[in-house]
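Heads up, the thing below is written out as structure tokens.
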Number of protein chains: 2
Amino acid sequence: MTYCVGMVLERGLVFMSDTRTNAGLDNISTFRKMTIWETPGECVITIMSAGNLATTQAVVSLLEERAKSPEERTPALLGVPSMFQAVRMVAETLREVIGQHGNGGLQSEASFKATLLVGGQVKGSAPRLFMVYPEGNFIEASTDTPFFQIGETKYGRPILVRAFDSGMSFEEAMKLLLVSFDSTVKANLSVGAPFDYHFYAADSLTTGRAGRIALDDPYFQSVSQDWGDKLKAALDSLPGYEFEG
Amino acid sequence: MTYCVGMVLERGLVFMSDTRTNAGLDNISTFRKMTIWETPGECVITIMSAGNLATTQAVVSLLEERAKSPEERTPALLGVPSMFQAVRMVAETLREVIGQHGNGGLQSEASFKATLLVGGQVKGSAPRLFMVYPEGNFIEASTDTPFFQIGETKYGRPILVRAFDSGMSFEEAMKLLLVSFDSTVKANLSVGAPFDYHFYAADSLTTGRAGRIALDDPYFQSVSQDWGDKLKAALDSLPGYEFEG
């Protein structure tokens, strides 16, 4: 499993992904699930993936090949005129890879499917965030639904639903995401630290603050430990129930 | 889907279940998923169910028949010498019903499976809580795992994990459960109010406070509305993140 969140804020786009992959319970590894492409001043695109690791790595490799040698393989991801064209290319690549593995070859019990979050900005238009389905179709985040989750989405969702605010700062977004990831990690063994992040500032057209939060990161540790106490205190501060009679 | 929680507290057993059943998105109904049997002074047993409604209703009907006419059909649920024997009987009945529908007859796309929570007390031993699987085997709650959830368990789990305390009062348990149910209802259309509850006081050997919380219950409304603010405040009170450099 996996847990990735992409959010559209007023000040830009926010991405966070875990790094745990597993094939069964006794075969776990750490893999990066976030890839950032940029042509400074022109275009920045971030992709996060959930699902079959071979599929998502193949998608990223194909996109990288096409990005690096545009003269040989066109169209190239970084040469697209809009985010819509970028996500179409990503989606088509995803469908292509799944189709190659899924049809005609050996069948596996595990699915070859994968789901992607694709977000970024191309010069001349606003930042946009998309969720791409294994079938190659996709949806875009909107003011009504300003964030997407993929992978193990349920445990970390209530806090996002309650506390998301599109006007929040990147620092506040980091805090919110770490609480959401912490709730998920505590409940599902197949989601694990470290967590990769990218905070893309709108209209910067360059990679923003990007890095990795390790399990032993002091800030993450303090959030993880304090959150239980804060939740209990929040619960205590709700009015008490009284049975009738 | 369904959401039911059973908890073992120092002062007794706590049960809460939602009442929504659905077959598809356009066929939703309200059904009671909690049944309480008692022989005052001897034995109190509460069952909550998640899964195929026909299966769970058949299980309850069979158990009721057996409970009401013990001279005709033995053994009767309320005549068992221990909670372990009670849950064995419930589990055997569940397996019998699933077997009848699952084998030899028409097959359905929907599963005939169901999962049950069975808790109560038989005179002479402590209150006990069990989770019964469709296969007819079962596990018991312990001090390490003092509560069980069935149905749509994920959204409402983080707050239970963080705030459960076996020493809590029934009033505190009601508050915690309503927050957990509220998070679930907000995220999954197939879980819905009203919520049935039963708070069984240890060693009372009689049905405890039992009733129903409606969607428009003023207390539930205030919890539902306040919780978002309290969560946000709790998040705000965590230390702020600072990017390096």
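Keep in mind that the numbers below use all heavy atoms, side chains included, and drop hydrogens, waters and symmetry copies. In this text the structure is predicted, and so the values were computed from the model without any measurement. In what follows, chains carry the letters A, B, and so on, assigned in the order in which the sequence lines appear, proteins first and then strands, with residues in each chain numbered from 1.
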With chain B, which of Ser183(A), Ala233(A), Gly228(A), Pro239(A) has the greatest number of heavy-atom pairs at distances under 4.5 Å?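 Winner by heavy-atom pair count: Pro239(A).
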Determine whether the side chains of [X] and [Y] contain a donor N or O and an acceptor N or O closer than 3.5 Å.
X: Ser180(B); Y: Tyr3(B); result: yes
X: Lys33(B); Y: Thr2(B); result: yes
X: Asp203(A); Y: Gln121(A); result: yes

Contact leader toward chain A among Glu242(B), Arg157(B), Lys186(B), where contacts are heavy-atom pairs under 4.5 Å: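 Ranked by heavy-atom pairs under 4.5 Å with chain A, first place is Lys186(B).
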Heavy-atom pairs under 4.5 Å with chain A are the metric here; pick the option from Asp165(B), Leu235(B), Asp236(B) that has the most.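 Going by pairs under 4.5 Å, I would pick Leu235(B).
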Side chain / backbone / both / neither for Val161(B) at chain A, heavy atoms under 4.5 Å: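 Looking at Val161(B), nothing touches chain A.
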Side chain, backbone, both or neither: which part of Tyr155(B) has an atom under 4.5 Å from a heavy atom of chain A?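 Its backbone and side chain both get close to chain A.
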Side chain / backbone / both / neither for Phe199(A) at chain B, heavy atoms under 4.5 Å: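 The answer is the side chain of Phe199(A).
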Toward chain B, the part of Ile213(A) with a non-hydrogen atom under 4.5 Å: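 Answer is side chain: those atoms of Ile213(A) sit under 4.5 Å from chain B.
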Ignoring hydrogens, what is the shortest heavy-atom contact between Met48(B) and Ser17(B)? Give both atom names and the distance.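 Of all heavy-atom pairs spanning Met48(B) and Ser17(B), the closest is SD-CB, 3.8 Å.
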So which residues of residues 146-154 of chain B are in contact with chain A at a heavy-atom cut-off of under 4.5 Å?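 Heavy-atom contacts from residues 146-154 of chain B to chain A are Glu152(B), Lys154(B).
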Using ring-ring contact (aromatic ring centres under 6.0 Å, His included), reason through Phe138(A) and Tyr133(A) one step at a time and then give a plain yes or no. CA-CA 6 Å; Phe138(A) 49 86; Tyr133(A) 298 105; 9.1 Å; no
Rounded to the nearest 0.5 Å, how far does CG of Leu176(B) lie from NZ of Lys232(A)?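 These two atoms lie 9.5 Å from each other.
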Take Tyr197(A) and Phe195(A), measure what ring-ring contact (aromatic ring centres under 6.0 Å, His included) needs, and give me the verdict at the end. CA-CA 7 Å; Tyr197(A) 64 85; Phe195(A) 310 126; over 10 Å; no
Charged N-O contact under 4.0 Å between Asp182(B) and Arg162(A):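 Looking at Arg162(A) together with Asp182(B), the answer is yes, because their closest N to O distance falls below 4.0 Å.
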Is there a side chain to side chain donor-acceptor pair (under 3.5 Å) between Ser142(B) and Asp144(B) once you walk through the steps? CA-CA 5 Å; Ser142(B) 65; Asp144(B) 288 329; 4.8 Å; no
